Amino acid sequence: MKNPFKKLAEWYVKPAADIIQEVTEQSIECSEQKDLTIPKVSLPINPNPTNIYRPISFTEYIGQEKSKNKIQSYITGTKARGIVFPHTLISGKAGCGKTTLARIIANELNVPFKEIITANMSDIEEFKWLLMEVKNGVIFMDEIHSLPRIIAERLYSIMEDFKDDGKPIEPFTLIGATTELGEIMKNRRPFVDRFKIKIELDDYVIDELVLIVKQYRERVFKNDNIDPNIYNIVAQNCRNTPRKAISLLEDCIYTGDINITLKNNNIIANGYTFKDLKILKYLAENPNGVGLGGIANYLDTSIKNYQYEVENHLIKNNLLT
């Protein structure tokens, strides 16, 4: 892994304090905002103590317009023809709404929805039990790239011909979700080919993330008043991920201060964390390059954690090549 910086190249010889100051100046300057604390108020008892909200329609599902348009066309077309909705594969990074989108498809089709934990499947029988329950509905498999090969191969004829060992079964829709599209394409290509609809979720933009956290606050924390600037700060610091944005929003509501929230999550600015800064400095101090294992050991984490938590974000923002 070679020396990476573009914009941060000049940081090589700077002390950490100067680097942190420079990153912070590029941020939304939340520390210089007017008072963004949330006023303490006496709140009524919440009739829904779980405080769970998940969009149930395409109107509530913000963003991903191309994917929604494609899916809605298939929903309209299959309903008009009285045929089952095609098997669908949804890919995208964690926290971007794959499961929610699958549930919305079932809601719009007005059919049963059953979810199965893919990694825990040991044989095909568990899937066949769900087939008897779902009756022309949707079976959802999250992280479908973890499905054992032997089970995936058993699903070929079930998905394609709606037959199991030559015996007809009720038509159904399989929706798979994955954060590892490349892995499943490489190792399960015939399985992937059985999915007629393939959806790849885009990164969310700031305006969409602002709408997502605003909608979430209005549905889950409707008695809490929030300065609108907080929505923008959350959107700027969630690494373009709705789940992370919602987590930051809740942290802010409970702490009552967006600056404390950023500090609690080790965020310097614009979603960059002290872990990001640590790895960039480490690479800068080793101009001959370092190995992937060495980076993971330096961070005291696994290689996969490093690739998921740090490297992906830095590459997308042109801080690593």
Side-chain angles (χ1 to χ4, degrees), residues 54-58 61 64 67-92 94 96-201:
R54 188 191 293 271
I56 60 173
S57 69
F58 285 115
Y61 189 92
Q64 309 299 340
S67 296
K68 289 194 297 186
N69 290 339
K70 182 175 182 178
I71 292 169
Q72 286 175 306
S73 296
Y74 272 90
I75 288 174
T76 301
T78 53
K79 278 185 173 181
R81 292 163 178 80
I83 58 178
V84 69
F85 190 83
H87 304 306
T88 301
L89 182 63
I90 305 172
S91 63
C96 281
K98 298 185 293 298
T99 302
T100 298
L101 188 56
R103 289 180 179 273
I104 289 174
I105 292 172
N107 287 342
E108 295 288 335
L109 292 168
N110 195 26
V111 297
F113 179 91
K114 297 290 183 180
E115 183 173 353
I116 189 168
I117 301 174
T118 311
N120 292 348
M121 286 187 66
S122 57
D123 57 51
I124 197 68
E125 296 305 316
E126 186 177 355
F127 186 87
K128 290 164 69 174
W129 275 108
L130 283 183
L131 283 178
M132 290 188 286
E133 293 182 29
V134 79
K135 295 181 180 178
N136 301 125
V138 170
I139 295 178
F140 176 67
M141 286 186 169
D142 198 8
E143 300 302 333
I144 200 167
H145 56 269
S146 64
L147 187 69
R149 180 184 294 275
I150 189 170
I151 298 178
E153 291 172 351
R154 284 291 308 275
L155 287 174
Y156 291 174
S157 62
I158 292 176
M159 293 172 65
E160 195 165 31
D161 304 320
F162 297 119
K163 290 183 179 180
D164 179 40
D165 289 333
K167 299 176 182 178
I169 59 174
E170 287 281 347
F172 69 99
T173 300
L174 176 61
I175 300 181
T178 180
T179 55
E180 301 289 346
L181 181 61
E183 180 178 330
I184 195 171
M185 289 286 289
K186 177 181 177 182
N187 298 316
R188 305 281 192 280
R189 186 56 187 262
F191 183 46
V192 172
D193 289 342
R194 266 68 180 182
F195 293 92
K196 291 185 179 179
I197 302 176
K198 298 178 181 64
I199 299 294
E200 189 168 355
L201 299 184

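All values below were derived from every heavy atom in this structure, side-chain atoms included, with hydrogens, water molecules and symmetry-related copies excluded. This one's a predicted model, so the numbers in the text were calculated from it and none came from an experiment.
A donor-acceptor contact shorter than 3.5 Å links the side chain of Lys68 to the backbone of Tyr61. The backbone N or O of Met185 lies less than 3.5 Å from no partner atom in the side chain of Arg189, so there is not a single donor-acceptor pair. Side-chain atoms of His87 do not come within 3.5 Å of backbone N or O of Thr173 as any donor-acceptor pair. Remark: the backbone N or O of Gly92 is paired with a side-chain donor or acceptor of Lys98 at under 3.5 angstrom. Put simply, the side chain of Thr88 gets close to the backbone of Pro86: a donor and an acceptor are under 3.5 Å apart. Remark: the backbone N or O of Phe195 is paired with a side-chain donor or acceptor of Lys198 at under 3.5 angstrom. In this structure, the side chain of Thr78 engages the main chain of Ile75 through a donor-acceptor pair within 3.5 Å. Looking at Arg154, its side chain never comes within 3.5 Å of a backbone N or O of Asp123 through a donor-acceptor pair. Checked by atom type and distance alone, the side chain of Asp164 never pairs as donor or acceptor with a backbone atom of Ile158 at under 3.5 Å.
One finds the OG1 atom of Thr179 at 10.0 Å from the CD1 atom of Ile184 (value rounded to the nearest 0.5 Å). Asp165 CG to Ile124 CD1: the interatomic distance, rounded to the nearest 0.5 Å, is 10.0 Å. The CD1 atom of Ile117 sits 10.5 Å away from atom OG of Ser146, with the distance rounded to the nearest 0.5 Å. The distance from the CG atom of Leu89 to the NZ atom of Lys196 is 15.0 Å, given to the nearest 0.5 Å. Interatomic distance, CG of Asn120 versus OG1 of Thr118, reported as 8.5 Å (0.5 Å rounding). In this structure, OG on Ser67 lies 4.5 Å from CD1 on Ile199, to the nearest 0.5 angstrom.
In plain terms, the two heavy atoms of Glu115 and Asp142 that are nearest each other are OE2-CB, 4.5 Å. The nearest pair of heavy atoms linking Thr100 to Pro55 is CG2-O, 3.6 Å. The shortest non-hydrogen separation linking Ala102 to Phe140 is CB-CD1, 3.5 Å. Taking all atoms of both residues into account, the shortest heavy-atom contact from Asn107 to Ile56 is ND2-O, 3.3 Å. When all heavy atoms are compared, the tightest approach of Ala106 to Pro112 is CB-O, 4.4 Å.
Heavy-atom contacts from other residues, nucleotides or ligands closer than 6.0 Å to CD1 of Ile150 number 12 or fewer. Within a 6.0 Å radius of NZ in Lys128, other residues, nucleotides and ligands contribute more than 12 heavy atoms. Annotation for Asn110: atom CG does not count as buried by contact number, only 12 or fewer foreign heavy atoms lying within 6.0 Å. At most 12 non-hydrogen atoms from other residues, nucleotides or ligands lie less than 6.0 angstrom from NZ of Lys163.
Between Leu101 and Ile175 there is no side-chain heavy-atom pair separated by less than 4.5 Å. Under the 4.5 Å side-chain criterion, counting only non-hydrogen atoms from C-beta, His145 is not in contact with Arg188. You'll find the side chain of Phe85 reaches within 4.5 Å of the side chain of Ile197, heavy atoms only. A 4.5 Å side-chain heavy-atom check between Lys114 and Val138 finds every atom pair outside the cut-off. By the 4.5 Å heavy-atom criterion applied to side chains, Leu131 and Ile139 are counted as neighbours. At least one side-chain heavy atom of Met121 sits less than 4.5 Å from a side-chain heavy atom of Met141. Taking 4.5 Å as the limit, every side-chain heavy atom of Ile151 sits out of range of all side-chain heavy atoms of Phe191.
Salt-bridge annotation for Arg194 and Glu160: present, with a side-chain N of the basic residue lying under 4.0 Å from a carboxylate O of the acidic one. In summary, Lys186 and Glu183 do not engage in a salt bridge, as defined by a charged side-chain N under 4.0 Å from a carboxylate O.
Taking the six-membered ring where the residue is Trp, Phe172 and Phe162 present perpendicular rings, their angle passing 60° and hence far from 30°.
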Inset, instruction - Under the side-chain contact (heavy atoms from CB on, under 4.5 Å) rule, what do Thr178 and Ile144 come out as? Steps first, then yes or no, please. - result: CA-CA 6 Å; Thr178 180; Ile144 200 167; 4.2 Å; yes
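Side-chain atoms of Glu108 and Ser57 include no donor-acceptor pair closer than 3.5 Å.
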